[in-house]
Amino acid sequence: MQISQNFDGGNIEVVSAESAHDIRLNIRHDQDSEFYQWFYFRLSGARNIACTLKILNAAGAAYPKGFENYRVAYSYDRQHWNRWPTSLANGVLSIEITPEQDSVYFAYFAPYSMERHADLIARSLQSARCSLEVVGQSLDGQDIDLLKISSGGSTPTKHCWLIARQHPGETMAQWWMEGALEWLLDPTNAQSRALLERCTFFVVPNMNPDGSRRGHLRTNAAGRNLNREWAAPAMDAAPEVFVVREAMAREGVDFFLDVHGDESLPYCFIAGVEGLSGWDESSQAQLDFYKNRLADLNPDFQTAVGYPPKAPGEANLTMAGGHVGHHFGCLAMTLEMPFKDTTATPEPTVGWNGPRSKALAHSCLLAVGDYFDSKVSQ
Ligand SMILES: [Zn+2]
């Protein structure tokens, strides 16, 4: 019996594995950081053996509530990820399973590897609508990819920015990006063609390639939480944010969506930047319009549960949404999807997953078009 994690996005430490009934594991911390929660590992040589896998340090994870009522993602073929129940007792997360095959993978959520990211960029570039700018390099020397999606027409368009995976363990955010890019670049889709006549999209499918490859939950190679770096990013600590901020300043921003996952809340929801000092009725109407339209378009999204809005003047300008909303005065939002499942529309076999994240992206893009058609955006 073997446990391994030395692959793209892998994360686990084996404490002891003397008996199949008592496999003791710890999740590794992000580099130079207290954060941890993402795990991804392979169990092999345990076919038809009743195993108990115990994550000993679950209680000290960044969001311990994320492990309450949690069902782990597992896969035999690395394509389809199903869910399996876990139990939480005395701060230890246990998975009792008898693998049906020689090799099985477990992960906090269906992984999205840097190899898949490279495939996504290369495939997107086969479309004449798509161009690439490498805006910089991460601390580990990986490219920061910015895709521009445009109809190529000469009429002025709204500049819409979509970014994902500032928090690398939130892999649903990049599944969302895969859905968004496929939808925008589908030559047979009349809706995306119409949208691209009015909007140009600037897309950063992965803000944090180093954290993604290293199997981090929340930080880059220097232990920085990128979504707290937007006020004054330094090139030697958070170059990912520095270079994307520069590109935004150059191109302008009329619409901004930062895509994330939430460990604890079993809902899809949007957080606005109500705490900005310039927030007014018009800003509220724009946010409400977008959220309500998205809820109409996709029952997986809802508006009843989310983060409580910040009081006036309390906006966090170190976060991407706060920075962009403040600096560009446009509709700026954070989309959260669950690690668990949606409460009103559950799919217990798979939980929230890649395909559902991709489908939500389609609805989010349709809502962008409706937003710019509406009176509130004028
Ligand atoms: Zn996040």
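One-based numbering, in listed order, for ligands and for the atoms of each. In this text the structure is predicted, and so the values were computed from the model without any measurement.
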TODO: Decide if the gap between the ring center of W161 and the ring center of F202 is smaller than 6.0 angstrom.
DONE: yes

Worksheet entry | Centroid separation Y70 to F339 less than 6.0 Å | no

At a cut-off of 2.8 Å, protein N/O/S around the Zn ion (ligand 1) gives H167 ND1, E170 OE1, E170 OE2, H260 ND1

Going by distance alone, is a donor N or O of one side chain under 3.5 Å from an acceptor N or O of the other, for [X] and [Y]?
X: Q137; Y: D143; result: yes
X: Q37; Y: Y63; result: no
X: S374; Y: R293; result: no

Criterion side-chain hydrogen bond (donor to acceptor under 3.5 Å, both in side chains) on D262 and Y307, from CA distance to verdict = CA-CA 10 Å; D262 186 280; Y307 303 143; 2.5 Å; yes

